[in-house]
Structure formats: structure tokens, C-alpha cells
*Asks:* 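I have a structure I would like to understand better, so I am pasting it below and will then ask my questions one at a time.
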Amino acid sequence: MDEERLERRERDILALERRGFSGPGAKERAIREELGLAPVRYYQLLNALLDDPRALAHDPVTVNRLRRVREARRAQR
């Protein structure tokens with residue numbers, strides 16, 4: 001297997017981030033049901049993915065958008 005490729009779960013996390021969710025709790029429900037992860041663990045994995053060059057190569061639009069959101073939140077603190 002190519003070391004430069006993302007794992008299935010990593011690709012699934014990015015795919016979930018590309019989707020829109022309607023209503024409160026919809027995203028957290030999808031995280032639990034589709035990925036089998038607790039939301040806290042999901043966000044830990046997502047945050048690590050944002051710093052992974054393989055994730056940027058796989059989905060630059062989503063990764064760059066999420067990096068901007070993360071930086072804006074850090075700047076507010």
C-alpha cells in the first residue's frame with residue numbers, strides 16, 4: 001500500500017467534513033453512526049489531519065477551509 005495515501009478512516013473523516021448538516025446534533029449523530037467514533041475522538045483525529053500533508057493533497061479545498069476556521073478560532077482566544 002502506498003504510504004502517501006490516507007487511510008480509509010481519514011478519507012471518511014474528510015468526506016464527512018465536506019457535507020452539510022441540518023439541525024443541531026446531526027453531525028455528531030453521523031460521526032457516531034457512520035464512523036463509530038465519539039465526537040471528541042473525531043475532532044482529535046480531524047485536527048491532526050489538518051496538519052497532515054497527505055490530507056492537503058487528498059482534499060485541498062476542505063483542508064484549507066478547516067485550517068482557516070481553526071486559525072480564526074485560535075485568534076479569538
Side-chain angles (χ1 to χ4, degrees):
M1 190 162 125
D2 186 4
E3 291 179 18
E4 297 300 313
R5 292 196 43 183
L6 293 174
E7 298 287 327
R8 170 76 188 211
R9 181 164 68 172
E10 294 167 326
R11 292 192 312 268
D12 290 346
I13 288 170
L14 290 174
L16 193 123
E17 283 298 318
R18 282 193 299 273
R19 292 172 28 199
F21 292 94
S22 61
K27 183 175 183 179
E28 286 71 18
R29 191 164 45 257
I31 290 167
R32 282 192 181 92
E33 292 175 1
E34 296 173 27
L35 302 178
L37 293 170
V40 170
R41 182 65 182 142
Y42 170 85
Y43 287 111
Q44 290 171 338
L45 293 169
L46 175 62
N47 198 44
L49 263 179
L50 296 184
D51 297 324
D52 190 328
R54 296 172 306 140
L56 183 61
H58 176 76
D59 190 346
V61 172
T62 301
V63 171
N64 282 322
R65 176 179 57 82
L66 293 170
R67 283 178 175 179
R68 284 191 303 273
V69 169
R70 181 175 69 177
E71 289 307 314
R73 286 188 179 140
R74 284 181 178 166
Q76 289 176 345
R77 292 182 190 158

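Here, residue 1 is the first one in the sequence, and each next residue gets the next number. All of these numbers come straight from a predicted model, not from anything done at the bench.
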*Asks:* What pairs with R9 under salt bridge (charged side-chain N to carboxylate O under 4.0 Å, His left out), at least two apart in sequence or on another chain?
*Replies:*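 R9 satisfies salt bridge (charged side-chain N to carboxylate O under 4.0 Å, His left out) with no other residue.
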*Asks:* CD1 of I13 to CG of N47: how many Å apart, nearest 0.5 Å?
*Replies:*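 Going from the CD1 atom of I13 to the CG atom of N47 covers 11.0 Å.
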*Asks:* Quick one, E71 and R74 - any side-chain contact, counting heavy atoms below 4.5 Å?
*Replies:*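 Answer yes - side chains close enough.
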*Asks:* Can you name the salt bridge (charged side-chain N to carboxylate O under 4.0 Å, His left out) partners of R68, sequence neighbours left out?
*Replies:*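 In terms of salt bridge (charged side-chain N to carboxylate O under 4.0 Å, His left out), with neighbours along the sequence ignored, R68 is linked to no residue.
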*Asks:* Looking at F21 and A30, what are the two nearest heavy atoms and their distance?
*Replies:*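 Closest approach of F21 to A30, heavy atoms only: CE2-CB, 3.7 Å.
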*Asks:* Could you list the residues that satisfy side chain to side chain donor-acceptor pair (under 3.5 Å) with E28, not counting sequence neighbours?
*Replies:*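 Once residues adjacent in sequence are excluded, E28 has no partner under the side chain to side chain donor-acceptor pair (under 3.5 Å) criterion.
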*Asks:* Please lay out, stage by stage, how L37 and Q44 fare under the test side chain to side chain contact (heavy atoms under 4.5 Å, CB included).
*Replies:* CA-CA 11 Å; L37 293 170; Q44 290 171 338; over 6 Å; no
*Asks:* Donor-acceptor pairs under 3.5 angstrom involving side-chain atoms of residues 59-66: please list them, not counting sequence neighbours.
*Replies:*
unit_1	atom_1	unit_2	atom_2	d
D59	OD1	T62	N	3.2
D59	OD1	T62	OG1	3.1
D59	OD2	R18	NH1	2.4
D59	OD2	T62	OG1	2.9
N64	ND2	P60	O	3.1
R65	NH2	E17	O	3.0

*Asks:* Any side-chain heavy atom of R54 sitting closer than 4.5 Å to one from E10?
*Replies:*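 In contact.
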*Asks:* If you measure from CG on L56 to CG on L14, what distance do you get to the nearest 0.5 Å?
*Replies:*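 One finds 10.0 Å between CG of L56 and CG of L14.
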*Asks:* Should L50 and L45 be regarded as members of a common hydrophobic cluster, given that ILVMFWY residues are connected when their side-chain heavy atoms come within less than 4.5 Å of each other, either directly or indirectly?
*Replies:*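 They do share one cluster, since a chain of ILVMFWY contacts under 4.5 Å joins L50 to L45.
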*Asks:* Test: salt bridge (Lys or Arg N to Asp or Glu O under 4.0 Å). Region: residues 32-47. Which pairs qualify, not counting sequence neighbours?
*Replies:*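 Non-adjacent pairs meeting salt bridge (Lys or Arg N to Asp or Glu O under 4.0 Å): R19-E34.
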